[in-house]
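We number each residue from 1, following the sequence as shown.
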Amino acid sequence: MFRDTQSSWMSTLRHDVPASLVVFLVAVPLSLGIAMASGAPLAAGLIAAVVGGIVAGALGGSAVQVSGPAAGLSLVVVDLVHTYGWRATCMITLLAGAVQLVLGVFKAARAALAVSPAVIHGMLAAVGIIIALSQLHVVLGGSSQKSAIANVLELPGQIADLHGHKVAVGILTITVLALWTRLPKRLKVVPAPLPALAAAAVTAWAFGWDVTRVDLSDSLTEWAFPVLPQGDWHLVVSSVLLVALLAGCESLLCSVAVDGMHGGRRADLDQELTGQGVANMVTGALGGLPVAGVIVRSTANAQAGARSRWSTILHGVWVLVFALGFGWTITLIPLEALAALLVLIGVQMVNLGHIRKVHGHGEVPVYVVTMAAVILLGLAEGVLAGLALAALMALRRLTWVTVLKREDRDGRLHVTISGSLTFLGVPRLTHELRTIPAATVVDLDLNIDFMDNGAFEAIHSWRLDHERMGGTVVIDELHDEWYALAASGARTFPAKSPPKAPDRWWLPWAHRRREVEPVTVSHDGAPECLLTAGAREYHRHTAPLVRPIFTELARKQQPSHLFITCADSRIVPSLITASGPGDLFTVRNIGNLVPRKGSEPHDDSVVAAIEYATQVLGVHTITVCGHSGCGAMAGVLSGGVQAGSLPGLRRWLRHGDHSLATFIETEGDRLHGGALDVLCRVNVQQQLENLRTYRKVDEQVRAGKLELVGLFFDIGSARVHMVPPLRPTLSVKTFDRRMVTSED
């Protein structure tokens, strides 16, 4: 236990302390800038940074997330300060923290993740644009206007009336911020905002420029308890909920994003929301800005190598020490430099990576509408507009109907309807079905997870009309049988069902979810057999998918392997080798036997395949694959007795005599429970030897142009094992072990 404690402290000293210093250097200038953009006392930004680090860091559920004043909340705080005053805004922050605490206790954090990220990203982009526009006026020596539109309209006049020193400080700050990212990595350990503000402060002091200095007259020691907001209590409650939900959503989404940046314990979202609530109650009581998880500081923390919450807590301690002991240095910073920092922060909040992500998911309209509405109408109105559009688009996707049609060469039309069939999709569904020509044979596949009465009536009415006009409709429901239930007059239907695994091509007919039912379609009136029904199923579902491959293979076959295996129905070469059309040149016979050259009884069928594969097709590998419980080897082991009155089989099994001789040579005359499978493996080895009796094969093996591979398929465990050759030589190469499991 002492060792674990010592190791923990060593890890903190080695990783968390350096990371906390990096985050501290990022946090101080950003906290001052966000306080300035929020219209709050600058000290409020430092208070929020201290509380976010110490309180949220200690009580939160994330190991490396860093909380503090967030730029995304600055518009809300500006409006609250203007409406209720600063002390009342602090009370709103305190009450919002209480709401977050209650939500965290009742495990409601996951619900916040239901908010579309496109809404959050659009809101943050709009906030960034508004901050950049407003602070650009300060950089130019003027003052920001009340709205983004007013800032845009007043910008030409502001540019015409430049204030030289103030503009120079702003340009200098932005220049340092831009150039700092191009410096060597060892210098970029110091975050860019710190040298930018330092350069601006030193230059303005050295040249005596006429700039506006930071005012800390309302310092950390001047504190007054928050007061209740005066006014319509409905608006007050709305403000509390707005701060609580925006700060909570931003914190939780940040926590999820930061989880992917480190290899430690994943975040407990409910605990994180609880910690954020307590932190907001404390920061509100002390006169600080609202607290939320901040992605910039959290990213810096993770990239600096933080391992635990101690990095976050210590960064808050460093901010507190700085504010109490070195706060006087802040008064040297020109306000125009802070404004320039905010302009760059605002521009960076329009994240191109976020735009690419929402574009990939078709959510650009939500992003754009949210951003435009926040800029033109306000934060709450913009978020609500984005949420409404996101909900409408989600509803549209849930009710979207896909209708695919393709015609076979025999004139049959295959129509596949996919999605959730509700009354909202009926217009499109009806339009697509009415384009089907009359008197057509239609195979209608319903791949749906829900069907309401309106959709059923649309399909059923079309089917009746189509059949009345001489057409034929065969309906196949690939999911639950919604249509069949409705057509049968059922009164109750299941709820929307989850997707089910489709029938796999490799499943035996007896194991399919839907049995292949014989259909009387033959000219003589006989019922269709399973093979014919399977071919029909192939034409309907598989042929369209593989047609491009077979179109290419129709010109020429170029297999890389000759695969010799048993005719046993349980062996499927393409399944156990994960191969596809054109990969294997396959020979199947009883016992996967390769008759030796000149052996009796004479048989050329296997030899012909070997010659064609090696000398015409130019295969690189010949594989002999045996299997467990082989009936042919049981017949060989019994000396032909089990072949009974099957003379052809008895003659063929003589080609296994060399395998039996090798088995007796290695195992003796002992017969044990596993003797049959041992013989099956020995038989694979012997057939590899038999291949070497053919001169062309042996020459190619010795020249390294041909590989001989032995495989054994254990049917009971469904595992493929490699079988080593009887003569381990350099010319008989082994099979790629990544494709099989070897226990030999």
Check: Where do Ile129 and Leu133 land on the side chain to side chain contact (heavy atoms under 4.5 Å, CB included) test, with the steps shown first?
Finding: CA-CA 6 Å; Ile129 292 172; Leu133 288 174; 3.9 Å; yes
What I'd like to find out is whether the side chain of [X] reaches to under 4.5 Å of the side chain of [Y], using heavy atoms alone.
| X | Y | result |
| --- | --- | --- |
| Glu250 | Ile120 | no |
| Ile174 | Ile171 | no |
| Leu387 | Ser116 | no |
| Tyr84 | Gln230 | no |
| Ser38 | Leu289 | yes |
| Ser239 | Leu80 | yes |
| Glu336 | Val139 | no |
| Ile131 | Ile345 | no |

To the nearest 0.5 Å, what is the distance between [atom1] ([X]) and [atom2] ([Y])?
| X | Y | atom1 | atom2 | value |
| --- | --- | --- | --- | --- |
| Lys357 | Leu352 | NZ | CG | 12.5 Å |
| His121 | Met349 | NE2 | CE | 12.0 Å |
| Tyr367 | Ile355 | OH | CD1 | 4.0 Å |
| Gln100 | Leu273 | CD | CG | 5.5 Å |
| Leu253 | Ile295 | CG | CD1 | 9.5 Å |
| Leu341 | Leu30 | CG | CG | 6.0 Å |

[X] versus [Y], closest heavy-atom pair with distance:
| X | Y | answer |
| --- | --- | --- |
| Thr93 | Pro290 | OG1-CG, 3.5 Å |
| Ser31 | Arg297 | OG-NH1, 3.6 Å |
| Val169 | Ala204 | CG2-CB, 4.3 Å |
| Asn280 | Gly97 | CB-CA, 3.6 Å |
| Gly287 | Trp86 | O-CZ2, 3.3 Å |
| Ile375 | Ala126 | CG1-CB, 3.8 Å |

Short question: side chain of [X], backbone of [Y] - any donor-acceptor pair under 3.5 Å?
| X | Y | answer |
| --- | --- | --- |
| Asp16 | Ser308 | yes |
| Arg87 | Val227 | no |
| Gln135 | Leu342 | no |
| Arg266 | Ser62 | no |
| Ser20 | Val17 | yes |
| Thr173 | Leu197 | no |
| His137 | Ser134 | no |
| Asp270 | Ala109 | yes |
| Gln276 | Gly248 | no |
| Ser298 | Gly293 | no |

Next item on the list: Using the side-chain hydrogen bond (donor to acceptor under 3.5 Å, both in side chains) rule, take Thr203 and Trp209 through it: C-alpha gap first, then chi angles, then the decisive distance, then the call.
Entry: CA-CA 8 Å; Thr203 303; Trp209 285 352; over 6 Å; no
Check: Do you know which of Leu389, Leu384, Val119 makes side chain to side chain contact (heavy atoms under 4.5 Å, CB included) with Thr370?
Finding: Val119
Check: Going through the distances and angles, do Trp205 and Leu332 end up as a side chain to side chain contact (heavy atoms under 4.5 Å, CB included)?
Finding: CA-CA 8 Å; Trp205 171 79; Leu332 301 176; 5.7 Å; no
Margin query: Applying side chain to side chain contact (heavy atoms under 4.5 Å, CB included) to Leu179 and Leu183, what does each step give before you reach the verdict?
Written below: CA-CA 7 Å; Leu179 294 179; Leu183 294 179; 5.9 Å; no
Margin query: Using the rule given for side chain to side chain contact (heavy atoms under 4.5 Å, CB included), can you reason through Val237 versus His234, listing the C-alpha separation, both sets of side-chain angles and the distance that settles it, and then say yes or no?
Written below: CA-CA 5 Å; Val237 171; His234 294 90; 5.9 Å; no
Next item on the list: Verify the distance criterion only: is there a donor paired with an acceptor across the side chains of Asn301 and Ser311 at less than 3.5 Å?
Entry: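 There is such a pair (donor and acceptor under 3.5 Å, judged by atom type) between the side chains of Asn301 and Ser311.
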Notebook entry, point to check: Among side-chain atoms of Ser251 and Glu272, is any donor-acceptor pair under 3.5 angstrom?
Noted result: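 Absent: no donor and acceptor within the cut-off.
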